[in-house]
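In what follows, residues are counted from 1 in the order of the sequence shown. Scope of the values below: all heavy atoms of this structure, side chains included, with no hydrogens, waters or symmetry mates.
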Amino acid sequence: MTPSRRKIYLPLSALLFAGAVAAAPPPDAEMAAAQSALAGAERSQPSGDAAQMLAEAHQDFSLAQAAMAKRKFKDAKNMADRTAAAADLATAMARLASLRKEVDGKAARNADLRRRLLVVPEGQP
């Protein structure tokens with residue numbers, strides 16, 4: 001029995017397709033964006049939940065670097081994108097906490113001013 005063309009070319013084309021899919025280019029731009037997002041998140045000095053989110057972003061970046069070392073570029077790209085998203089979220093959470101603190105301070109100051117203005121000195125009608 002001689003192998004037919006279908007028996008030869010079908011596995012060969014499947015093998016070539018698998019090779020093309022696996023040969024994805026390294027996600028250098030995504031890794032750089034993730035690293036930049038991490039640096040921005042660290043500059044925002046997160047605390048509380050934002051600090052926890054930043055720690056998760058660092059973990060994700062470590063996983064991305066490990067995937068790059070293993071030449072699993074698709075996994076590295078996904079983890080780099082996840083890192084950037086987590087770092088951006090940490091930055092936003094830190095900024096929100098800072099703005100809430102500022103608003104609370106101004107609200108307390110306004111309340112104090114209202115109390116002072118509404119106090120009627122004794123002896124006045």
Side-chain angles (χ1 to χ4, degrees):
M1 180 165 117
T2 61
S4 68
R5 286 183 182 233
R6 179 183 288 175
K7 288 181 183 177
I8 293 173
Y9 290 116
L10 187 62
L12 182 61
S13 61
L15 185 63
L16 288 173
F17 178 74
V21 169
D28 294 329
E30 288 85 354
M31 292 295 285
Q35 196 165 21
S36 176
L38 278 174
E42 289 170 353
R43 281 192 302 273
S44 68
Q45 300 174 346
S47 61
D49 291 340
Q52 183 180 356
M53 187 57 63
L54 180 60
E56 288 179 26
H58 277 290
Q59 269 184 329
D60 290 343
F61 191 67
S62 295
L63 292 173
Q65 288 176 319
M68 283 285 285
K70 292 178 182 177
R71 303 189 59 80
K72 294 184 176 183
F73 297 139
K74 186 175 180 181
D75 292 342
K77 179 188 180 309
N78 290 339
M79 292 310 296
D81 290 342
R82 185 174 169 168
T83 297
D88 289 343
L89 180 58
T91 301
M93 290 171 75
R95 181 78 175 130
L96 177 63
S98 172
L99 291 173
R100 281 186 177 159
K101 186 177 179 181
E102 185 179 331
V103 166
D104 289 345
K106 288 182 179 185
R109 175 81 174 131
N110 284 343
D112 183 50
L113 289 172
R114 274 193 202 102
R115 275 193 300 275
R116 288 183 188 183
L117 288 172
L118 294 176
V119 171
V120 177
E122 289 184 31
Q124 287 191 357

* Asked: Rounded to the nearest 0.5 Å, how far does CG of Leu54 lie from CG of Asp49?
  -> 12.5 Å
* Take His58 and Glu42 through the test side chain to side chain contact (heavy atoms under 4.5 Å, CB included) and record every step on the way to the result. => CA-CA 10 Å; His58 277 290; Glu42 289 170 353; 2.7 Å; yes
* Structure fact -> In this structure, NZ of Lys72 is separated from CG of Asn78 (nearest 0.5 Å) by 12.5 Å
* Structure fact -> Between Met31 and Ala80 the two heavy atoms that sit nearest each other are SD-CB, 3.7 Å
* Quick one: closest heavy-atom pair of Pro25 and Phe73, and the distance? => O-CB, 3.7 Å
* Hey, what do you get for CG (Asp104) to CG (Leu99), rounding to the nearest 0.5 Å? -> 11.0 Å
* Quick one: does Leu63's side chain get under 4.5 Å of Gln59's, heavy atoms only? -> no
* Measure the spacing between CD of Gln65 and CG of Asp60 and express it to the nearest 0.5 Å. => 11.5 Å
* Can you list the residues that meet the side chain to side chain contact (heavy atoms under 4.5 Å, CB included) rule with Ala94, with sequence neighbours excluded? -> Ser44, Pro46, Ala50
* Work out which heavy atom in Met68 is nearest to a heavy atom in Pro26; give both atom names and the distance. => CE-CB, 4.2 Å
* Got a sec, which residues hit side chain to side chain contact (heavy atoms under 4.5 Å, CB included) with Asp112, two or more places apart in sequence or on another chain? -> Arg109, Arg115, Arg116
* To do: Provide the closest heavy-atom pair for Ala57 versus Ala87 in the form atom of the first, atom of the second, distance.
  => CB-N, 3.8 Å
* To the nearest 0.5 angstrom, please state how far the OG1 atom of Thr83 sits from the CD atom of Glu30. => 11.5 Å
* Asked: Can you tell me how far the CG atom of Asn110 sits from the NZ atom of Lys106, to the nearest 0.5 Å?
  -> 9.0 Å
